[in-house]
K.L.:
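Here it is, the structure in full.
Worth saying up front: this structure is predicted, and the values here are computed from it rather than measured. Quick note: residue numbers are just sequence positions, from 1.
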Amino acid sequence: MAGRKETALDLAKFVDKGVQVKLTGGRQVTGTLKGYDQLLNLVLDEAVENEREQDDPLKLSGKTRQLGLIVCRGTAVMLVSPTDGTDEIANPFLADGA
């Protein structure tokens, strides 16, 4: 085992489970992880893209687009998180009425 590198992200525990993937360029995709490799290329099934607001690219519009089976190239992947056990909360740092 001398020379073997440990990966910072062990995706094996997320195979066949729901994941949310944020990509460079602001795209956000949710789907079932079917496979991956050492370069972080991901295969997602039943993928759904969450579309962004036209005037504010940092906000999600609430509209979705069905993508089906897709491959996310590892160089574009910024974040991978499980969908189970996560909920969206209100931002506590925003002032009331802002």
K.L.:
Quick check for you: to the nearest 0.5 Å, what is the distance between R65 atom CZ and E49 atom CD?
P.N.:
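Answer for the CZ-CD pair, R65 versus E49, is 4.5 Å.
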K.L.:
Flag yes if F14 and V43 sit in one hydrophobic cluster, no otherwise; membership is Ile, Leu, Val, Met, Phe, Trp, Tyr, and two members link when side-chain heavy atoms are under 4.5 Å apart.
P.N.:
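No.
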K.L.:
How about NZ on K22, more than 12 heavy atoms from neighbouring residues, nucleotides or ligands closer than 6.0 Å, or not?
P.N.:
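At most 12 heavy atoms, drawn from other residues, nucleotides or ligands, come within 6.0 Å of this atom.
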K.L.:
Working to the nearest 0.5 Å, report the span between OG1 of T30 and CD of Q20.
P.N.:
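Rounded to the nearest 0.5 Å, the OG1-CD separation comes to 4.5 Å.
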K.L.:
Kindly work out whether a path of hydrophobic side-chain contacts (I/L/V/M/F/W/Y, heavy atoms less than 4.5 Å apart) joins V77 to V15.
P.N.:
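Yes; tracing contacts between hydrophobic side chains, which count when under 4.5 Å, links both residues.
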K.L.:
According to a 4.5 Å side-chain heavy-atom criterion applied to Ile, Leu, Val, Met, Phe, Trp and Tyr, with indirect links allowed, do L67 and V19 form part of one hydrophobic cluster?
P.N.:
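As far as the 4.5 Å side-chain criterion goes, V19 and L67 are connected within one cluster.
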K.L.:
Using only atom types and a distance under 3.5 Å, with no angle test, would you say the side chain of T64 pairs donor to acceptor with the backbone of N50?
P.N.:
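Judged by distance alone, no pair lies under 3.5 Å.
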K.L.:
May I ask you to say whether D84 pairs ionically with K17, meaning some side-chain N is under 4.0 Å from a carboxylate O?
P.N.:
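Answer for the salt bridge query: no.
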K.L.:
Distance from M78 atom CE to Q28 atom CD, nearest 0.5 Å?
P.N.:
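Those atoms lie 10.0 Å apart.
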K.L.:
Check for me, please, whether L23 and V80 land in the same ILVMFWY cluster - side-chain distances under 4.5 Å, paths through other members count.
P.N.:
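Yes, because L23 and V80 connect within a single hydrophobic cluster, where side-chain heavy atoms sit under 4.5 Å apart.
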K.L.:
Does some side-chain heavy atom of T75 sit less than 4.5 Å from a side-chain heavy atom of L40?
P.N.:
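A side-chain contact is absent here, since even the closest heavy-atom pair is not under 4.5 Å.
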K.L.:
Nearest 0.5 Å, please: how far is CZ in R73 from CG in L39?
P.N.:
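Answer rounded to 0.5 Å: 9.0 Å.
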K.L.:
Do L69 and V71 share a hydrophobic cluster, counting only Ile, Leu, Val, Met, Phe, Trp and Tyr and linking them when any side-chain heavy atoms are less than 4.5 Å apart?
P.N.:
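Yes; V71 is reachable from L69 via cluster members.
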K.L.:
Please check: side-chain N/O of N41 versus main-chain N/O of G74, any donor-acceptor pairing under 3.5 Å?
P.N.:
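Confirmed, N41 side chain pairs with G74 backbone.
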K.L.:
Any heavy-atom pair between the side chains of V29 and L44 that's under 4.5 Å?
P.N.:
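Side-chain contact under 4.5 Å: yes.
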